[in-house]
Asks: 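A single structure is presented below for examination.
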Protein chains: 2
Amino acid sequence: MRIGDLARQAGVDVQTVRYYEREGVLEAPARTAAGYRSYGAHDVERLTFVRHCRSLDMSLADIKRLLALAGDATVACDDVNALIDAHLERIHAKRLALEALEVQLGALRAQCSSGRRIANCGILEELVHAAHGEACACHQSLAASEEQG
Amino acid sequence: MRIGDLARQAGVDVQTVRYYEREGVLEAPARTAAGYRSYGAHDVERLTFVRHCRSLDMSLADIKRLLALAGDATVACDDVNALIDAHLERIHAKRLALEALEVQLGALRAQCSSGRRIANCGILEELVHAAHGEACACHQSLAASEEQG
DNA sequence: CGAGACCCTCAAGCTACTATAGGGTCAAGC
DNA sequence: GCTTGACCCTATAGTAGCTTGAGGGTCTCG
């Protein structure tokens, strides 16, 4: 099967497949005489596995680790559990940060009604005013929750 | 005031100030004979305003628009309201997507207990199994909520 | 043998920074 | 006057996960 077929079956772009290969998430396949990549059914499975993990917002680095772990059936799967736990924790922190952000923005939006002029726009006032004081903490925690580690 | 002082007062890195200037978020300041950037109190205010908007996770493009709008006091501030509304909507969608993701991951994590081997790890089973069926929709909506409009 | 669909590699673009390299400037102390 | 250290300058590359584009080769049908 050629790269276009593989990509169609997994629902990804052809370029994405090549990118995954470059990143070591997919193994480099055999090549035809003309240099075309040649895939089998196993590759469809692996790529779809990768896409499912990505749909859960896992990083490619985590997915690589997961694939490495999945390769050895005799190993204890505590590492898999730990990886998922850590990921879950990151998602949780990010959600809390977004919730705080939404509250902040809702409050900000309530400062200005339609029909006003910039000169007395409540939102800009609030933003400038807040700029003189201390910044809100929500984005710091959002940024902290972004760092994959 | 030199760039280091400005950066300290706004709580950002010196490189970030130069980056903002390059991106047109901050105006290019006057230079000393030696080529050093020279700032005034107004620049501290503007930079701190930018940082507050960033703490609300607004894009630099949005902040530029906001600054342009804020420049003309006589204009109606419906555009400001619309910008904040759109941003709020993105944050809201992102939070919903993250909530769904958290549920999905929680369910996945519950599939495997400690002490098992990879061969019968419930998480990997679930991930492979799900890979054969259709993927969950949570990341699609997350991705959709990422695209800044 | 030509057209269109497919494949290849390499490089750049996206966001908002951060970090590094390689160099110039300035003020204080000896 | 000279050194030391803190500061400044530009330019370039790296981060994550792709997407887009250039410039070219291959395959297959009619």
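Letters A, B, ... are given to chains in the order of the sequence lines, protein chains preceding strands, and every chain is numbered from 1. Quantities reported herein were computed from a predicted structural model and do not represent experimental measurements.
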Asks: Starting from P on C:dC6, measure out to CD1 on A:Ile3 and report it in whole angstrom.
Replies: 13 Å

Asks: For B:Met58 and C:dC17, what is the distance between atoms CE and P respectively, to the nearest whole Å?
Replies: 14 Å

Asks: Looking at C:dT15, I'd like to know if its phosphate oxygens (OP1 or OP2) sit under 4.0 Å from a side-chain N or O belonging to B:Arg54.
Replies: no

Asks: For C:dT18, take OP1 and OP2 only and decide whether either is under 4.0 Å from a side-chain N or O of B:Thr16.
Replies: yes

Asks: Can you find a pair of side-chain heavy atoms, one from B:Tyr20 and one from B:Val50, that are under 4.5 Å apart?
Replies: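 Answer yes - side chains close enough.
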
Asks: Between A:Leu105 and A:Leu96, is there a shared hydrophobic cluster once you connect ILVMFWY residues whose side-chain heavy atoms come closer than 4.5 Å?
Replies: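 A:Leu105 and A:Leu96: separate clusters.
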
Asks: Between B:Ile3 and B:Tyr39, is any pair of side-chain heavy atoms under 4.5 Å apart?
Replies: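 Yes. Closest side-chain heavy atoms under 4.5 Å.
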
Asks: Tell me the interatomic distance from A:Asp5, atom CG, to C:dC7, atom C1', rounded to whole angstroms.
Replies: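 One finds 12 Å between C1' of C:dC7 and CG of A:Asp5, rounded.
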
Asks: Checking side-chain contact (heavy atoms from CB on, under 4.5 Å) against A:Ile123, which of B:Leu69, B:Ile84, B:Leu66 comes through?
Replies: B:Ile84

Asks: For C:dC6, does either OP1 or OP2 sit under 4.0 Å from a side-chain N or O belonging to A:Arg37?
Replies: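 No, because none of the side-chain N or O atoms of A:Arg37 sits under 4.0 Å from OP1 or OP2 of C:dC6.
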
Asks: Do B:Tyr36 and C:dG24 have a side chain to base donor-acceptor pair shorter than 3.5 Å?
Replies: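 Between C:dG24 and B:Tyr36, which were checked side chain against base, a qualifying N/O pair under 3.5 Å is present.
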
Asks: With a 4.0 Å cut-off, would you call B:Arg37 and B:Glu21 a salt bridge?
Replies: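 Yes, this pair counts.
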
Asks: Looking only at N and O atoms, is any donor in the side chain of A:Gln15 or the base of D:dG17 less than 3.5 Å from an acceptor on the other one?
Replies: no

Asks: Would A:Asp5 and A:Arg8 pass as an ion pair if we require N to O under 4.0 Å?
Replies: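 Yes, A:Asp5 and A:Arg8 are salt-bridged.
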
Asks: A:Thr32 or A:Asp13: which one's nearest nucleotide on DNA chain D is closer to the 5' end?
Replies: A:Asp13

Asks: Nearest whole Å is fine: how far is D:dT28 P from A:Arg2 CZ?
Replies: 7 Å

Asks: How many whole angstroms separate atom CZ of A:Arg18 from atom P of C:dC10?
Replies: 12 Å

Asks: Could you tell me the separation between the CG atom of B:Leu47 and the CD atom of B:Glu45, rounded to the nearest 0.5 Å?
Replies: 11.0 Å

Asks: Using atom CD of A:Glu21 as one end and atom C1' of C:dT9 as the other, report the distance to the nearest whole Å.
Replies: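 Spelled out: CD on A:Glu21 to C1' on C:dT9 is 12 Å.
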
Asks: Could you give the CD-to-C1' distance, from A:Glu23 to D:dT15, as a whole number of Å?
Replies: 11 Å

Asks: So does B:Arg22 get a side-chain nitrogen or oxygen closer than 4.0 Å to the phosphate oxygens (OP1/OP2) of D:dT10?
Replies: no

Asks: Send over the distance from A:Tyr19 OH to D:dA16 P, rounded to a whole Å.
Replies: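 So the two atoms are 8 Å apart, to the nearest Å.
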
Asks: Hey, does the side chain of B:Arg31 come within less than 4.0 Å of D:dT10's phosphate (OP1/OP2), counting only N and O?
Replies: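 Checking B:Arg31 against D:dT10: at least one side-chain N or O falls below 4.0 Å of OP1 or OP2.
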
Asks: Using the C1' atoms of five pairs at each end, what's the angle between the two axes of the helix from C:dC1-D:dG30 to C:dC30-D:dG1, to 10 degrees?
Replies: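 The value is 30°.
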
Asks: May I ask you to evaluate whether B:Tyr20 reaches the phosphate of C:dC17, defined as a side-chain N or O under 4.0 Å from OP1 or OP2?
Replies: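 True: B:Tyr20 side-chain N/O within range (under 4.0 Å) of C:dC17 OP1/OP2.
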
